[in-house]
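In what follows, a single structure is set out as structure tokens and then discussed.
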Amino acid sequence: MTVSTERSIIKCDACGNTESLEEAVLRSVEEFKLLFPERKITTKEMYEWCLISGEMRRIKRILDKQYTLIGVHQWAYYE
């Protein structure tokens with residue numbers, strides 16, 4: 001499955017469905033938490049899980065807005 005990103009909108013190239021980037025990231029975080037409850041939510045984990053190229057800073061901003069950051073630098077994670 002491939003997706004294309006235009007500003008803050010993500011579009012599925014296969015079915016044409018569109019979704020805001022924030023909604024897509026938050027949905028993906030919830031899926032990740034459901035599938036891997038023992039793993040911590042980090043910016044890098046969500047970047048790799050979401051497969052949205054070039055959007056790591058945007059993912060971090062969304063996580064900062066919706067979750068609490070615990071720790072600093074490479075040991076930081078979200079709850």
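Fair warning: this is a prediction, and the values are worked out from it, not measured in the lab.
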_Pairs meeting criterion ring-ring contact (aromatic ring centres under 6.0 Å, His included) with involvement of residues 5-28, two or more places apart_ = none
*Supply the members, apart from Leu34, of the Ile/Leu/Val/Met/Phe/Trp/Tyr cluster built from side-chain contacts under 4.5 Å; use none for a lone residue.*
none
*With rounding to the nearest 0.5 Å, note down the distance linking CG in Leu63 to CZ in Arg61.*
11.5 Å
*All pairs passing salt bridge (Lys or Arg N to Asp or Glu O under 4.0 Å) where residues 40-52 contributes a residue, at least two apart*: Arg39-Glu45
*What distance separates Ile41 CD1 from Phe36 CZ, expressed to the nearest 0.5 Å?*
12.0 Å
Could you give the side-chain donor-acceptor pairs of residues 19-31 under 3.5 Å, partners two or more places apart or in another chain?
residue : atom : partner : partner atom : Å
Glu19   : OE1  : Arg27   : NH2          : 2.8
Glu19   : OE2  : Arg27   : NE           : 3.2
Ser20   : OG   : Glu23   : N            : 3.1
Glu22   : OE1  : Lys65   : NZ           : 3.1
Glu22   : OE2  : Gln66   : NE2          : 3.2
Arg27   : NH1  : Glu31   : OE2          : 3.3
Ser28   : OG   : Ala24   : O            : 2.9
Glu30   : OE2  : Lys33   : NZ           : 3.4
Glu30   : OE2  : Tyr67   : OH           : 3.0

Anything under 3.5 Å between a donor and an acceptor, one on a side chain of residues 68-79, the other on a protein residue two or more places apart or in another chain? List them.
residue : atom : partner : partner atom : Å
Tyr78   : OH   : Asp64   : OD1          : 2.7

